[in-house]
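In what follows, a single structure is set out as structure tokens and then discussed.
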Amino acid sequence: MRIRGLRYARGEQVIFDGIDMDIPRGRLTAIMGPSGTGKTTLLRLIGGQLRPDAGSVEVAGQNVARLRSKALYRLRQRMGMLFQNGALLTDLSVFENVAFPLREHTRLPERMIRDLVLMKLHAVGLRGARDLMPAQLSGGMARRVALARAIALDPEMVLFDEPFTGQDPISLGVLVSLLRRLTDALGLTSVLVSHDVQESLSIADYVYVISEGQVVERGTPASLRQSTSPWVQQFLQGQSDGPVPFHYPAPDYRADLLAEGS
Amino acid sequence: MTGFLQRLGATTLGVTERIGRAHLFLLHVLAGFPGLLPRFGLVMKQIYASGVLSLLIIAVSGLFVGMVLALQGYNTLVDFGATESLGVVVSLSLVRELGPVVAALLFAGRAGSALTAEIGLMKATEQLSAMEMMAVNPLHRVVAPRLLGGIIAMPLLAAIFSAVGILGGHFVAVGLLGVDEGAFWSQMQAKVDLYEDIANGVIKSMVFGLVVTWIAVFEGYDAVPTSEGVSRATTRTVVHASLAVLGLDFVLTALMFGDE
Amino acid sequence: MMQSRSVQIWVGLFVIAGMAALLMLAMKVSNIRAFSGEEGYAITARFENIGGLKVRSPVTMAGVVVGRVSKIGFDKEIYEAVVTMSIDPRYDNLPEDTSASIFTAGLLGEQYIGLEAGGAETYLRDGDRIQLTQSAVILEQLIGQFLVSQADK
Ligand SMILES: Nc1ncnc2c1ncn2[C@@H]1O[C@H](COP(=O)(O)OP(=O)(O)O)[C@@H](O)[C@H]1O
Ligand SMILES: [Mg+2]
């Protein structure tokens, strides 16, 4: 996966302003940044749901934005995506959700679909929840089902959008090691988008940190920890004071409070 | 003045653009119809959701409309001593107009709004996006079976509405008002034409089925993906679909029954 | 997919109910067996005045519908209406000297053609013309005549 000079704006708001990234095959690459920097947007650009204003996103040698819809759909079959909130199909049970890509894209016999689905559900620890409906799941469980669904077709690449948010410490640990093992065992190309610093650093092969439309730091987790950039240090250690403002741009606080309501 | 002109222009452009998008949308959805044949189970589910679940309200409304028609018709016809024509009055009103139109209005309220809300929520919760990322076209997988289900269900619902209405009219006319049973049916059979009246009524209801379901799925698909956006879209479906049914009814009636 | 069975059963019942309703509309409300006038043989008749006769108006004999009016034209040589009727082929033995009159069903009802059989041995065939005709009774004319005859007394 190669990203070159990527620029993308939503109306006035420039979300990416010339980003370059290389995401190597068979590795786990983490992309980190504060929320609202456009991590989800980046994944949508990679998946071809959004088109960049300038620059290119190449996946497996193909420029995603240039693909015709047939070719794009073929490419997406080789790609799994875990949505931030799971995006499970609410009218289907957990089992049917995981079976969905298999039923849509293969002609496998029912027995085999069953075995595959149970294997994937077992991997995320939810084999027993197969008959529940999505509305009966907690947020963390829903995301794990969505993970099982994302890997149902044994894709070559998987994009994970915030897989760790909302997980209790136990499933968090399982999930972290699961991502790592999946990547190694299946030779997956994984892109992990997250703002959970420690978890991401502990499993990623390579890390990009983005902020305000730019890549501010890149490197292996070890080199990142050594980084002298005050920005990175603030982000990694979660300090509220530093070059990154906690506040959304706003007029002066005092002046705002004193101003007459209008 | 220029402000008014500008707003008028903007509205016109907006509406035109939306209508254009709705047509493109329809083309894309129709392209998904052949793919439904081997997977008719998907359409079944939708016939269930929009047809079977609307059955009760359609049948009950049909019954009452038929009964009211008989009662009102009787009061008018009795002055001319022509009460044996009551069957004709009831059946022609139902088969030509009220069956297709009222059934379509009820369908818009019952099934159409549900379709819009369902698809709108699927969009708001990123289910449609997720399908796209799974290389499944939501227009074919989600929208096409719903459109086809509506097109199949609507004429059946309208026929049930008319049939139940005629039975209701029969009950009031023959059972309560003492109109002769034989005259009720025979006058009806003599005046109601299979092609002119019944077949045209069925064609009307097919057109209504297409238009109402089309509006419903388009509004859902085009909804602003928030709870407020979905609720607005649902309201728009009922309003636009009802207006479309009444407007189209005029056009179709003029085309079908006008040249006599 | 446990629920899909009951969905299928319900949809099956729904389709049967819809079809039954359509069948009832076709058989019981309209009359599917009635002659629709499409595959009959044609005979014509000239009338001085057809009143409110229309295409698809019934053609009856002894009160039974035997055909329908299929075309109404105007002969501009002799200023008469030319009515083409399509007669059900089951009734292929109408005598040549059959006469045709235009009647009104009830006082204000719609108009139809009544045929009355003659005594000839030969029968009307496709394209033949009925010679003996009687025009529609026009209510206003009737009232006019009545008033005139009253005035004459
Ligand atoms: N549908 C949308 N319409 C307008 N702005 C949006 C929309 N989705 C996201 N944004 C904006 O794009 C920016 C990036 O969003 P996102 O990619 O979701 O951030 P992240 O995933 O890093 O938290 C945010 O500032 C958000 O306000
Ligand atoms: Mg996000």
Side-chain angles (χ1 to χ4, degrees), chain B residues 40-55 58-59 62 80-82 85 87-88 90-92 94-95 99 149 152-167 169-170 184-186 188-199 201-202 205 259-260, chain C residues 1-39 50 52-60 63-72 86 103-112:
Chain B
F40 210 71
L42 291 177
V43 184
M44 281 269 204
K45 252 186 159 172
Q46 299 310 322
I47 297 178
Y48 180 82
S50 48
V52 176
L53 296 182
S54 310
L55 196 53
I58 292 276
F80 301 100
S85 297
V88 183
V90 171
S91 59
L92 276 188
L94 279 169
V95 169
I152 293 174
M154 184 73 255
L156 296 175
L157 288 172
I160 290 172
F161 185 97
S162 297
V164 172
I166 289 170
L167 292 180
H170 175 265
F184 184 87
W185 289 116
S186 64
M188 195 190 291
Q189 287 182 356
K191 288 284 170 55
V192 179
D193 188 86
L194 181 64
Y195 301 98
E196 288 271 303
D197 302 317
I198 310 254
V202 171
S205 62
D259 55 342
E260 259 182 89
Chain C
M1 290 240 135
M2 259 318 286
Q3 70 188 32
S4 79
R5 246 180 71 83
S6 76
V7 164
Q8 285 169 356
I9 292 172
W10 270 109
V11 170
L13 288 176
F14 170 61
V15 172
I16 288 173
M19 289 296 166
L22 276 175
L23 207 67
M24 173 190 152
L25 294 181
M27 306 292 290
K28 185 110 182 147
V29 174
S30 75
N31 202 334
I32 199 169
R33 285 150 304 185
F35 176 67
S36 66
E38 253 149 44
E39 60 290 322
I50 58 166
L53 197 72
K54 293 193 185 84
V55 170
R56 297 194 54 77
S57 291
V59 177
T60 68
V64 178
V65 176
V66 297
R68 298 213 174 255
V69 172
S70 56
K71 199 174 124 197
I72 293 175
S86 173
F103 295 122
T104 306
L107 191 56
L108 298 168
E110 68 173 312
Q111 288 179 308
Y112 65 97

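What's counted below: heavy atoms across the whole structure, side chains too, no hydrogens, waters or symmetry copies. We name chains A, B, ... by the order of the sequence lines, and we start the count at 1 in each one.
In this structure, the portions of A153(B) lying under 4.5 Å from any heavy atom of chain C include both its backbone and its side chain. The part of V202(B) that comes within reach of chain C is its side chain, from C-beta onward, which places non-hydrogen atoms under 4.5 angstrom from that chain. Heavy atoms closer than 4.5 Å to chain C are found in the side chain of L55(B), but not in its backbone.
Across all non-hydrogen atoms, the minimal contact from V11(C) to M44(B) is CG2-O, 3.4 Å. Of all non-hydrogen atoms in A21(C) and A163(B), the two that sit nearest each other are CB-CB, 3.7 Å. Residues I198(B) and A26(C) come closest through the heavy atom pair CD1-N, 4.4 Å.
The shortest distance between side-chain heavy atoms of K28(C) and I166(B) does not fall below 4.5 Å. A 4.5 Å side-chain heavy-atom check between W10(C) and I47(B) finds every atom pair outside the cut-off.
The side-chain contact (heavy atoms from CB on, under 4.5 Å) test with V15(C) singles out one residue from L156(B), I152(B), V52(B), and that residue is L156(B).
We find the CG-CG distance between L25(C) and L194(B) to be 9.5 Å, quoted to the nearest 0.5 Å.
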